[in-house]
Each structure stands twice: as C-alpha cells, then as structure tokens.
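Below is one structure, written out as structure tokens; the observations come after it.
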Amino acid sequence: MFSGFLDLPWWGLVLVTLALTHVTIAAVTIFLHRHQAHRALDLGPLPAHFFRLWLWLSTGMVTKEWAAIHRKHHAKCETADDPHSPQVLGINRVLWGGVFLYVKESRNRETIERYGHGTPDDWIERTLYTPWQKSGIVLMLAIDMALFGVVPGALIWGVQMVWIPFWAAGVINGIGHYWGYRNFACSDASTNIVPWGILIGGEELHNNHHTYATSAKLSNKWYEFDIGWMYIRILEMLGQARVKKVAPTPKLGGLRPVVDVDTLQAVITHRYDVLAKYLKSARQVATEEFARLKLDAAESRLFRRLLKDDVATLQARLGSVLVKSERLNLVVALRAELEALWARSTASHEQLVAQLQDWVARAESSGIAQLEEFSLRLRRYAV
Ligand SMILES: [Zn+2]
Ligand SMILES: [Zn+2]
C-alpha cells in the first residue's frame with residue numbers, strides 16, 4: 001500500500017532524483033536568470049510556461065521576486081546593499097544560510113517594486129503562482145509519493161526542496177564570490193568555481209557572468225563548458241528560443257599608424273580582453289624581474305595576484321619591492337592607467353585619446369619586449 005506507480009530499484013531512484021533536480025537547475029539558469037533577470041534571450045511560450053510550472057512545483061519561488069533580488073545583487077555587488085555578498089556577510093552565512101538571505105530580501109517590497117519590472121503578470125501568475133506560491137511544492141510531494149511510494153517519494157521530494165537553496169543561494173552566491181579562478185578583472189569579487197558548468201547548469205562560470213551580465217552564454221574559454229548554453233542552442237534549433245546577446249569576441253584588425261578616437265573606442269569595447277592580455281604580459285615581466293633581482297618567490301606570487309585584483313593594496317604592501325625596480329613600477333602604473341581609460345571619469349574624449357597615446361608611447365619605448373608586443377596588439381583592436 002506504500003508503493004507507488006513506479007517500482008524502481010534504489011539506483012533508479014537516485015537517477016530520477018538527479019534528473020528532476022537537473023530540470024530545476026535548468027529552469028533557474030535558463031528561465032529565471034538568463035531570460036527573466038538579464039533578458040539575454042527570448043523564450044517561446046512552450047518552454048517559458050513549462051519552466052514556470054516546474055519552478056512553482058519544485059521551488060515555490062516567485063519569478064518577480066527572484067529577478068528583482070538578482071538584479072539588485074548585480075547593481076549593488078559586494079556593498080552593504082548587496083542581498084547576499086560573502087565579502088560583506090562572510091562566506092559561511094551565504095553558503096549555508098543563503099536561502100534565509102533570499103527570503104528576507106523577498107519581503108523587502110521596495111526591492112521587488114524597484115527591480116522586478118517586466119516579469120510575468122498574466123492571469124495564471126495573478127491567480128495561481130503568486131498567491132498560491134507554496135501550494136506547488138505540496139502538490140509535488142503528493143506526485144512524488146504517488147509515483148515512487150510514500151518513503152522514497154518523501155526522500156526524493158526532500159532532496160528537491162534543498163537543491164536550489166543549497167546550490168543556487170549557497171554555492172553560486174557564496175562560493176561564486178569567494179573561491180575559484182577569474183578570467184576577467186571585473187569590479188566585483190566574482191569567481192568561476194570550475195570550468196565545467198554541468199551540475200549547476202553553467203552558473204559555475206560566475207566571473208564570466210558578472211563580466212558580461214547580459215550574455216546568454218556563460219562559457220568564455222575553449223576549455224569551459226556551459227550546459228545551460230547547450231540547452232539554449234537546442235531550444236533555438238527547435239524555434240523555441242532566440243538569443244539576444246553574447247559576450248563580444250575580441251576583434252583585431254590591421255595595425256593603426258596613429259592612436260585616435262577609434263582606437264580608444266575599440267579598447268573600451270574590448271576592455272576585459274585588453275586587461276586580461278595586459279595582465280598576461282605583465283605577469284611575464286614580473287616573473288623575469290623578480291628572478292633577475294633574486295627577490296622572494298612568495299612576494300612574486302603576491303605581486304602577480306594583487307596586480308590582477310587590487311593595485312592599491314599592491315602598492316601598500318609591496319612598496320619596498322617597487323623602489324628596487326623601475327620595470328615593476330612601470331608595469332603597475334600602466335595597469336592602473338589602462339583601467340582609468342574606461343572607468344567613468346569626467347575626462348573628455350580628446351583627453352582620453354591623449355592619455356592612450358601617452359600610454360602607447362611609454363610602453364613602446366620601455367625597452368621591455370612584452371610591453372612593446374602588447375602595445376602593438378592594443379593598436380590592432382577594432383570595433
Ligand atoms: Zn553574483
Ligand atoms: Zn546574473
């Protein structure tokens with residue numbers, strides 16, 4: 001009397017659980033995150049309605065609340081107003097209690113009204129999904145028990161219920177702003193957790209996402225894989241999705257004889273690639289220079305890390321090293337000046353072009369091969 005319609009062995013139940021939770025992950029990353037919060041793609045009515053129904057059944061989350069809280073996270077990233085920054089609140093609080101931070105923010109009406117625009121407001125949203133927010137998960141429990149039996153069904157349901165609170169609110173929001181590698185030195189602390197975005201649907205590539213927030217594709221390097229993007233491409237082939245934006249691929253043209261406003265525009269457009277390539281050259285210079293001056297290897301590692309993420313701390317902590325080397329000083333100064341080109345400032349276009357011309361002249365007359373090479377590449381960026 002306790003068995004369900006499907007009589008599965010234990011491993012069958014494990015596979016079913018993984019499949020069900022994976023559908024939920026796909027719904028979160030494709031529908032809530034990329035489609036609703038960032039408008040990176042359009043979805044056909046079939047997948048859109050399926051994802052909404054599935055999220056109601058398996059998470060009890062309201063689309064407007066999710067999109068609003070997430071947009072606020074991007075707008076206020078790593079500040080006291082960020083709903084879930086591990087840099088502000090501590091990693092343990094976000095990793096293990098991220099769901100409570102989400103629930104708390106969902107009660108902040110100002111957040112929901114200010115950031116929740118453009119989310120579904122149709123008949124089914126107003127009469128079922130929003131007012132009966134928690135009924136879907138009760139229905140899911142009944143379905144699980146009917147299909148798999150009372151005890152296995154309850155266990156599967158339990159895993160479904162903790163899946164998103166742990167993996168999304170905990171791991172992505174916590175670890176994705178704390179541990180991992182960074183492809184891009186964007187202004188927040190976001191990290192790529194692992195290069196293979198499978199378990200959390202591609203959301204593992206969180207540094208790529210924060211750098212190009214409106215891109216429907218989260219992978220960026222050849223060795224990175226984003227399973228959410230694979231599903232989007234399949235939906236597109238079926239005519240059920242339309243990608244609106246992906247991260248720009250760096251475009252290089254012929255060497256420009258003069259650095260002008262077009263060069264400036266191209267550098268600003270491809271700024272994350274410019275910075276990543278500059279850091280690569282700068283790290284080579286640093287490695288050589290630390291070896292030449294027989295400086296501490298630990299300081300060399302610290303130098304390279306801070307050069308990427310925090311120049312001010314580098315100058316404060318490695319002042320004694322900087323006074324010993326003109327080359328390291330130049331590398332640090334050029335890094336800061338490069339970023340100043342696209343930081344929002346009051347400088348006019350003419351002033352910025354003059355700054356870029358000066359930058360190129362100094363790099364090319366530095367006598368440092370890597371900087372000269374980099375500068376020649378910089379002059380080839382095209383819009
Ligand atoms: Zn984030
Ligand atoms: Zn996002």
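Since the model is a prediction, treat every value here as computed from it, not as a measurement. Order of appearance sets the numbers: ligands from 1, and atoms from 1 within every ligand.
Looking at Tyr272 and Asn183, their side chains never bring a donor and an acceptor atom within 3.5 Å of each other.
When you scan the N, O or S atoms of His177 for the one nearest the Zn ion (ligand 1), you land on NE2.
Trp229 is linked by a ring pair (Phe, Tyr, Trp, His ring centres under 6.0 Å) to nothing, counting only residues two or more places apart in sequence or in another chain.
Ring centroid separation for the pair Tyr102 and His73 does not come in under the 6.0 Å cut-off.
Ring-plane geometry between Trp54 and Phe50 is classed as parallel, the angle between the planes falling under 30 degrees on a 0 to 90 degree scale with a further cut at 60.
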Could you pull out all donor-acceptor pairs under 3.5 Å where a side-chain atom in residues 166-173 meets a protein atom, sequence neighbours excluded?
{"residue": "Asn173", "atom": "ND2", "partner": "His84", "partner atom": "NE2", "Å": "3.4"}

Would you mind writing out the side-chain donor-acceptor pairs for residues 130-144 within the sub-3.5 Å range, not counting sequence neighbours?
{"residue": "Thr130", "atom": "OG1", "partner": "Glu125", "partner atom": "O", "Å": "3.4"}
{"residue": "Thr130", "atom": "OG1", "partner": "Glu125", "partner atom": "OE2", "Å": "2.8"}
{"residue": "Gln133", "atom": "NE2", "partner": "Gly60", "partner atom": "O", "Å": "3.0"}

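The number of protein N, O or S atoms lying under 2.8 Å from the Zn ion (ligand 2) is 5.
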